[in-house]
Amino acid sequence: ERYSLPPITESISQLHFPDNAEMLDTLNSAESLYHKRIAFDEFFPMQLGIAILKRNALSRKGNAFVSDGRLRGAFSEALPFALTDAQKRTISEVIDDMKRDVPMNRLIQGDVGCGKTVVALFAMLNAVECGYQAALMAPTETLAEQHYNSICGLVRNLPVKLMLLTGSAGTGRGLIADGSADIVIGTHALIQDRVTFKKLGLVVIDEQHKFGVMQRSLLAVKGCYPDVLVMTATPIPRSLALTLYGDLDCSVIDEHPPGRKPVITRIYSAGQKAEIYSILETELKKGKQAYVVYPAIDESEKINLKAAIQGKEAFQAKFPGFKIALLHGRMGADEREPIMASFKKKEIDILVSTTVIEVGLDVPNATVMIIVHAERFGLSQLHQLRGRVGRGGDAAYCIMVVYEPYSEEAGLRLDAMLATDDGFIIAEKDLLIRGPGELHGTKQAGMPEFRNADLAKHSEQLAAARKEAFLLIDRDPELKDFPSLKKSLEVFWKGKNELYKTG
């Protein structure tokens, strides 16, 4: 009644047997009041479950991190760059969260290169100031080492002991157990049984979607309800964030550090190889590096796709004086990681790869990204690949090589790449083009599938359902006055609630 939506029985009836033909266009667009009512009904039990999860998390006793801020102040003064307003705002939100005596559960969203790691470091130093340890977990050894090296550089003049713990590095587990290591950076190795922390107060998780809930929980239980800070470089539309990460408070870093040049993005047809080779040769002769990304490993896998193995051979023939390496998904991590490390050390000029290139891999010297068969890639994937270049101060290129004919949907994706480099705008366009089920592997992640509700079209109903769900759980946490609603909630969430627990 509050939202002037029609009764459910009337809505179902009108959707099947509309009163008049004039309603057909509205009904076919799924934007009628009757669709909105059904969408609200689908969103409501999901948001009720999230409200209960969030209430349960807030009932736990956590650690209150209150300090004089000396360590953070010294770090801030020593930074070789100025923080953006978005970084300052997010740091303030995180520090305020940490002062409370309930465990923080916060998601930091930010586009590639917006400076999330520095924000996380302020949080980690805040924990250390208060006598606690902090842990940062990254999905691969290469990313863990990258974090370790960059953080070592940033805190080298501060009285903070850092440690790296991966499958192949870090033998000082005793330093973690006795509390000597203030900040521990690592991979899944951090959650092994034999790793114990003396006083773990903060857990930072990089690239949230690469970790299962169980892995996050295993790290969290190594402390006494530690604060949890989750970071992702994959911008998520607001409506999807409320669905996937509804139990997390969300901070958005929507600003890039000044001086960063936009990546020059162009589309070339397969017949324009001379122009592509010319750009590549110019950059290589400047001592710069390039990525060439293919959608498949070999020709037999998918018909008509240019494959990485043959591509590497072609580039080797065209650029015989340069070092070219191949990277693909059939290689194990033990094969891939040394190649990534060599590329980072400038020992490889052109890295020919399938889409296994790491999100977050930082190679400032790489200035060219060539995406072969760009029409076959998803929009978010194209944007992430573009984010691999332009991380230094030099001009960089994203060259999308397309093969005709391609679908109207592929055309929309390519147009979006030319129109903007804002990851949040791209995420919204991606949601409109593809729908929520395909985004971020949410089908695989076990996100409830909606039969009629559409996150792109019904975002207002999602916001309303969330508001009402949280108000209701505040008033009646156990739904004692709503037994039938409680029963339908149990049916909706059966087997799904574990997926949403973040600690």
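As the structure is a prediction and not an experimental result, all values here were calculated from the model.
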ask   = For the side-chain contact (heavy atoms from CB on, under 4.5 Å) test, which of Leu202, Asn63, Leu200 pairs with Tyr132?
value =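 So, applying the side-chain contact (heavy atoms from CB on, under 4.5 Å) to Tyr132 and each of Leu202, Asn63, Leu200, only Asn63 qualifies.
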key: Partner of Val389 under side-chain contact (heavy atoms from CB on, under 4.5 Å), chosen from Asn365, Val263, Thr367   =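 Of all the options given, the one that passes is Val263.
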task = List in chain and number order the residues that pass side chain to side chain contact (heavy atoms under 4.5 Å, CB included) with Ile473, two or more places apart in sequence or in another chain; answer none if no residue qualifies.
result =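 Partners of Ile473 under the side chain to side chain contact (heavy atoms under 4.5 Å, CB included) test: Leu48, Ala51, Ile52, Arg55, Leu479.
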task = Report the residues that fulfil salt bridge (charged side-chain N to carboxylate O under 4.0 Å, His left out) with Arg466, sequence neighbours left out, ordered by chain and then residue number.
result =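 For Arg466, no residue satisfies salt bridge (charged side-chain N to carboxylate O under 4.0 Å, His left out) once neighbours in sequence are set aside.
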Nearest heavy-atom neighbours spanning [X] and [Y]:
X      : Y      : result
Asp362 : Arg391 : OD1-NE, 2.9 Å
Ile339 : Ile348 : O-CD1, 3.7 Å
Val94  : Ala123 : CG1-CB, 3.6 Å
Pro103 : Lys61  : CD-C, 4.4 Å

key: Audit row: Arg70, Glu129, salt bridge (Lys or Arg N to Asp or Glu O under 4.0 Å) steps and yes/no   = CA-CA 8 Å; Arg70 252 181 301 188; Glu129 268 180 8; over 6 Å; no
Results of ring-ring contact (aromatic ring centres under 6.0 Å, His included) for Phe44 - residues two or more places apart only =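 Applying ring-ring contact (aromatic ring centres under 6.0 Å, His included) to Phe44 gives Phe40.
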inquiry  = Checking Phe122 now: which residues fulfil ring-ring contact (aromatic ring centres under 6.0 Å, His included) with it, not counting sequence neighbours?
reply    =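 Scan of Phe122 (ring-ring contact (aromatic ring centres under 6.0 Å, His included), adjacent residues dropped) gives Phe75.
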Assess whether atom [atom1] of [X] is packed by more than 12 heavy atoms of other residues, nucleotides or ligands within 6.0 Å.
X      : atom1 : answer
Glu460 : CD    : no
Lys116 : NZ    : yes
Lys457 : NZ    : yes

How long is the straight-line distance from [atom2] of [Y] back to [atom1] of [X], given to the nearest 0.5 Å?
X      : Y      : atom1 : atom2 : value
Ile264 : Met369 : CD1   : CE    : 15.0 Å
Cys250 : Leu107 : SG    : CG    : 4.5 Å
Leu175 : Lys161 : CG    : NZ    : 5.5 Å

Taking the side chain as everything from C-beta on, heavy atoms only, tell me whether [X] gets closer than 4.5 Å to [Y].
X      : Y      : result
Ile183 : Gln133 : no
Gln47  : Phe470 : yes
Met104 : Val228 : no
Tyr291 : Ile350 : no
Leu143 : Thr140 : yes
Val293 : Arg388 : no
Asp421 : Thr265 : no

task = Enumerate the residue pairs fulfilling salt bridge (charged side-chain N to carboxylate O under 4.0 Å, His left out) with a member in residues 178-190, sequence neighbours excluded, ordered by first and then second residue.
result =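 Sorted result for residues 178-190: empty, none.
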Pair up each side-chain donor or acceptor in residues 81-91 with any protein partner under 3.5 Å, not counting sequence neighbours, and list the distances.
{"from": "Thr84", "atom 1": "OG1", "to": "Gln87", "atom 2": "N", "distance (Å)": "3.1"}
{"from": "Thr84", "atom 1": "OG1", "to": "Gln87", "atom 2": "OE1", "distance (Å)": "3.4"}
{"from": "Gln87", "atom 1": "OE1", "to": "Thr84", "atom 2": "N", "distance (Å)": "2.9"}
{"from": "Gln87", "atom 1": "NE2", "to": "Gly115", "atom 2": "O", "distance (Å)": "3.0"}
{"from": "Arg89", "atom 1": "NH2", "to": "Val252", "atom 2": "O", "distance (Å)": "2.7"}
{"from": "Thr90", "atom 1": "OG1", "to": "Ala86", "atom 2": "O", "distance (Å)": "2.9"}

Donor-acceptor pair between [X] and [Y] side chains, under 3.5 angstrom:
X      : Y      : answer
His458 : Asn452 : no
Glu337 : Thr142 : yes
Tyr3   : Glu468 : yes

With a 4.0 Å cut-off on N to O distance, would you call [X] and [Y] a salt bridge?
X      : Y      : value
Lys54  : Asp249 : yes
Asp394 : Lys288 : yes
Glu93  : Arg106 : yes
Arg451 : Glu42  : no

